Amino acid sequence: MSQKPSLPKGTRDFGPIQMMRRNFIFSTIQQVFELYGYQPIETPAMETLDTLLGKYGDEGDKLIFKILNSGDFVSKIPTNLLSEAITPDLSRRITPEITEKALRYDLTVPFARFVVQHRDEITFPFKRYQIQPVWRADRPQKGRYREFYQCDVDVIGSDSLQNETELIRIIDRIFADLGIRVTIKINNRKILAGMAELIGQPERLTDLTVALDKLDKIGIEEVKKEWLTRGITEKAATELQPLLTVKGSNQEIINTLQTNLSHTKNGKAGLDELNQVLVLLANYPLQSTVEVDLTLARGLNYYTGAIIEVKSDDVIIGSICGGGRYDDLTGIFGMPGVSGVGVSFGADRIYDVLEHTEGFPGFTQTSTQVLFMNFGDKESPIAYQLAEELRNSGIRAEVYPDVAKLKKQFQYADQNHIPIVVMIGESELTEGKATVRNMITGLQSDSSIGELSANIRSYLLSL
RNA sequence: GUGGAUGUAGUUCAGUCGGUUAGAACGCUGGAUUGUGGUUCCAGAGGUCGUGGGUUCGAGUCCCAUCUUCCACCCCA
């Protein structure tokens, strides 16, 4: 081994234990999705660059992994570009010439593309789920990877606020099933638009929200400073401050906003929507806390209504689930007027949370239950035959593949937590019996070969 | 993308002021036990000190570059 192999930055291998744990997360999420009537789809790992560019803002575009064209792509670069001196933005300008595909950045935009392309095969409202990896050229950190799985649920083609309510119930049920305590934060983009309207700067909505999103982190004074640099007047900032620092119950926050914002068109609409979701939600007992959080802005610029984000109560990590309503996502692909709402679960961060809280169940039951020792060519055929017999009755069994020292075979059983070992050696063979060892207690007993299968079955039930 | 830390055996980590043969624990392999694991005892293997350059009589140790991981920004699942 002259050179140690390595992995690209921000990517990981998953061993057997990690995969059992990951599959536990995926199957829990998938089961709840299907319980609410969502249907699975998949899309390719790569999309054309045109599909992805411009959907996530300038910052997002930089984080898209682009795929180099095949063949002699350099010869296709226009000569006037090639002859230019190397300037800082040369690579940016030749990018469109050398790449036309990219790895998907999220599942929502490919879904929008899917809907537009398959509109004549889809019955609306369309409820789908999608569990696949996405890639971002971000700098890795804790809970931040360059390849990670998203688990998306969306319903597209329905304006009803019942969908928002249903998604929050799905979130609550999934985290209850996973045993994770969470707070579900909700807001509405229209309320934020109403604030921009209130201060007479509706065109500054993005500047308003980008800084506002950091409120709990940097405090109101720093937010106001950033607003100033982003072109929001000092007067406006002072006017907004009391609205954003309201403390109290969800209802108290909404009441305060109602007195201040209900005369703005967007503000009133947003408050009505938020209020109705909360009213609908009151019909169901929820395990999680649902909290109105006006600072919830989320960078993705396609949200138009509800904004949802989920945080772990026990582990400090970025959000583990997020989403919202986007009124016209398919519009950019030439299919206007279709409203969608959805959320995305971050499986890798959920894994990190469960690891911290030691919330994973034990997975010993998924491993082998019975191991047959291998004594040699004369003795092993009966072991293989009996193992197959056990498998036919649903018991996970295996035969040690090599004629190794018993010590080594026992170590294998021990390290793989196999609870029962069956030995059929020369002496057992002549007597027509098998020695059965309980690896937990160390006790051994004999069984006739004919009754072995039945004995092991009842034995396993007693463990 | 910006700034800061980090890297020594399979793993977690020692390694003094730059000095001769780089250590420990756990793990691994073999033996004590030729048909018995998890406990115990004994022995052994395993290192281009992330990589590449430089300073020096001499570099794991100092300098530069690069990569990895981690942290803070930016942004986000």
Side-chain angles (χ1 to χ4, degrees), chain A residues 1-12 25 29 56-64 88 91-92 104-108 131-152 171 182 209-211 213-214 217-218 222 226 296-301 308-312 316-323 342-353 371 373-376 379 400 403-429 434-444:
Chain A
M1 197 168 67
S2 57
Q3 216 177 349
K4 277 186 186 169
S6 66
L7 236 34
K9 185 199 291 233
T11 66
R12 300 151 302 153
I25 294 170
I29 290 172
Y56 310 104
D58 290 344
E59 289 296 325
D61 282 356
K62 286 182 203 159
L63 300 181
I64 293 172
S91 60
R92 185 183 57 78
R104 73 167 98 77
Y105 177 91
D106 73 354
L107 300 179
T108 307
I131 299 176
Q132 288 190 274
V134 303
W135 294 268
R136 295 185 188 177
D138 212 349
R139 186 173 288 205
Q141 252 181 68
K142 197 177 223 63
R144 175 179 291 194
Y145 309 99
R146 288 185 138 185
E147 177 185 60
F148 60 97
Y149 271 73
Q150 290 194 328
C151 314
D152 271 36
I171 291 170
V182 296
T209 56
V210 166
D213 204 38
K214 303 170 194 164
K217 208 170 189 176
I218 61 177
E222 290 296 315
E226 190 170 333
L296 196 62
R298 296 179 55 75
L300 292 181
N301 46 22
I308 300 167
E309 185 168 297
V310 181
K311 290 241 175 181
S312 160
I316 297 169
I317 193 167
S319 61
I320 52 180
C321 175
V343 293
S344 178
F345 293 78
D348 301 80
R349 285 189 180 171
I350 290 171
Y351 185 103
D352 291 344
V353 169
L371 176 72
M373 292 286 153
N374 192 328
F375 283 86
E379 297 90 347
Y400 195 88
V403 188
K405 284 183 180 174
L406 275 195
K407 181 188 173 80
K408 190 170 167 61
Q409 299 193 42
F410 269 100
Q411 267 172 3
Y412 177 83
D414 188 49
Q415 275 159 19
N416 289 291
H417 304 106
I418 298 170
I420 293 174
V421 163
V422 177
M423 283 173 284
I424 303 170
E426 195 181 355
S427 57
E428 281 90 349
L429 210 53
T435 303
V436 180
R437 181 177 178 92
N438 179 330
M439 293 297 284
I440 299 157
T441 62
L443 297 175
Q444 288 184 188

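Below, chain A is the first sequence line, B the second, and so on; all start at residue 1. Keep in mind it's a predicted model, so treat the numbers as computed, not measured.
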Subject >> Secondary-structure string, 5' to 3', Watson-Crick or G-U under 3.5 Å, | for another-strand partners, for RNA chain B >> reply: (((((.(..((((.....[...)))).(((((.......))))).....(((((..]....)))))).)))))....
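Taking atom CD on Gln411(A) and atom P on rC28(B), their separation rounds to 7 Å, with Å as the unit. Distance, Lys407(A) NZ to rC28(B) P: 11 Å, rounded to whole Å. Rounded to a whole Å, the CG atom of Leu107(A) is 16 Å from the P atom of rC76(B). Across the protein-nucleic acid pair, Leu443(A) atom CG and rU36(B) atom P stand 17 Å apart, rounded to whole Å. Rounded to whole Å, atom P of rC73(B) lies 10 Å from atom CZ of Arg144(A). Atoms CD1 (Ile424(A)) and C1' (rG35(B)) sit 14 Å apart, rounded to a whole Å. Put simply, CZ on Arg136(A) is 17 Å from P on rG1(B), counting in whole angstrom units. In this structure, CD1 of Ile317(A) is placed 12 Å from P of rC70(B), rounded to the nearest angstrom.
Note that CE of Met423(A) and CZ of Phe410(A) are 4.0 Å apart. Values are rounded to the nearest 0.5 Å.
Residue Gly318(A) is classed as having no contact, given no heavy-atom separation below 4.0 Å to the nucleic acid. Contacts of Gly10(A) with the nucleic acid, taken as non-hydrogen atoms under 4.0 Å apart, involve only primed sugar atoms and P, OP1 or OP2. Residue-level contact check: Asp138(A) touches the bases, meaning some heavy atom is under 4.0 Å from a base atom. In this structure, Gly60(A) reaches neither bases nor backbone, as no heavy-atom distance under 4.0 Å exists between it and the strands shown. The residue Leu371(A) sits apart from the nucleic acid: no heavy atom pair falls under 4.0 Å. Backbone-only contact: Lys9(A) has heavy atoms under 4.0 Å from sugar-phosphate atoms and none from a base. Within 4.0 Å of Glu379(A), counting heavy atoms only, lies no atom of the nucleic acid at all. Among the heavy atoms of the strands lying under 4.0 Å from Tyr145(A) is at least one base atom, whether or not backbone atoms are also near. At a threshold of 4.0 angstrom between heavy atoms, the contacts of Met373(A) with the nucleic acid are absent. When heavy atoms are screened at a 4.0 angstrom cut-off, Lys214(A) is found touching the sugar-phosphate backbone but no base atom.
Applying the 3.5 Å distance criterion, the base of rU69(B) shares no donor-acceptor pair with the side chain of Arg139(A). In this model, a side-chain donor or acceptor of Asp414(A) finds a partner on the base of rG37(B) within 3.5 Å. Side chain Gln409(A) to base rU36(B): no donor-acceptor pair is found below 3.5 Å.
Taking every side-chain heavy atom of Gln141(A) into account, rA72(B) is the closest of rG35(B), rG37(B), rA72(B). With distances taken from any side-chain atom of Glu428(A) to the nucleotides rA77(B), rG37(B), rG35(B), the minimum falls on rG35(B).
Sequence order on RNA chain B of the closest nucleotides to Arg146(A) and Gln415(A) puts Gln415(A) first from the 5' end. Taking the nucleotide of RNA chain B with the nearest heavy atom to each of Lys142(A) and Ala347(A), the more 5' of the two is matched to Lys142(A).
Under 3.5 Å, the side chains of Glu147(A) and Thr11(A) contain no donor-acceptor pair of N or O atoms.
In this structure Lys408(A) satisfies the salt bridge (charged side-chain N to carboxylate O under 4.0 Å, His left out) test with no other residue, sequence neighbours excluded.
At the phosphate of rU36(B), neither OP1 nor OP2 sits under 4.0 Å from any side-chain N or O atom of Lys408(A). Contact check, Lys405(A) against rG31(B): a side-chain N or O comes under 4.0 Å of OP1 or OP2.
Remark: side-chain polar atoms of Gln444(A) are not paired, donor with acceptor, to backbone N or O of Thr435(A) under 3.5 angstrom. Panel note: side chain Asp348(A), backbone Tyr149(A); a donor-acceptor pair is recorded below 3.5 Å.
For the P atom pair drawn from rC13(B) and rG18(B), the interatomic distance equals 25 Å after rounding to whole Å. Comparing rG53(B) with rA59(B), their C1' atoms sit 14 Å apart, to the nearest whole Å. For the C1' atoms, the distance linking rG4(B) with rG46(B) amounts to 35 Å, nearest Å. With P as the reference atom, rU6(B) and rC63(B) are 11 Å apart, rounded to whole Å. Between rC49(B) and rG15(B), the distance separating the two C1' atoms is 11 Å to the nearest Å. Going from the P atom of rU39(B) to that of rC62(B) covers 41 Å, rounded to whole Å. A distance of about 48 Å separates the C1' atoms of rG37(B) and rC76(B), rounded to the whole Å. A distance of about 39 Å separates the C1' atoms of rC75(B) and rA9(B), rounded to the whole Å.
Under the 4.5 Å side-chain criterion, counting only non-hydrogen atoms from C-beta, Phe345(A) is not in contact with Ile131(A). At least one side-chain heavy atom of Phe375(A) sits less than 4.5 Å from a side-chain heavy atom of Leu406(A). The closest side-chain heavy-atom distance from Ile317(A) to Lys142(A) is not below 4.5 Å.
Counting heavy atoms of neighbouring residues, nucleotides and ligands inside a 6.0 Å radius, atom CD1 of Ile440(A) exceeds 12 of them.
Ring stacking holds between Phe148(A) and rA77(B), with the centres under 5.5 Å apart and the planes within 30 degrees of each other.
Ring geometry for Tyr105(A) versus Tyr56(A): interplanar angle of 30 to 60°, hence tilted.
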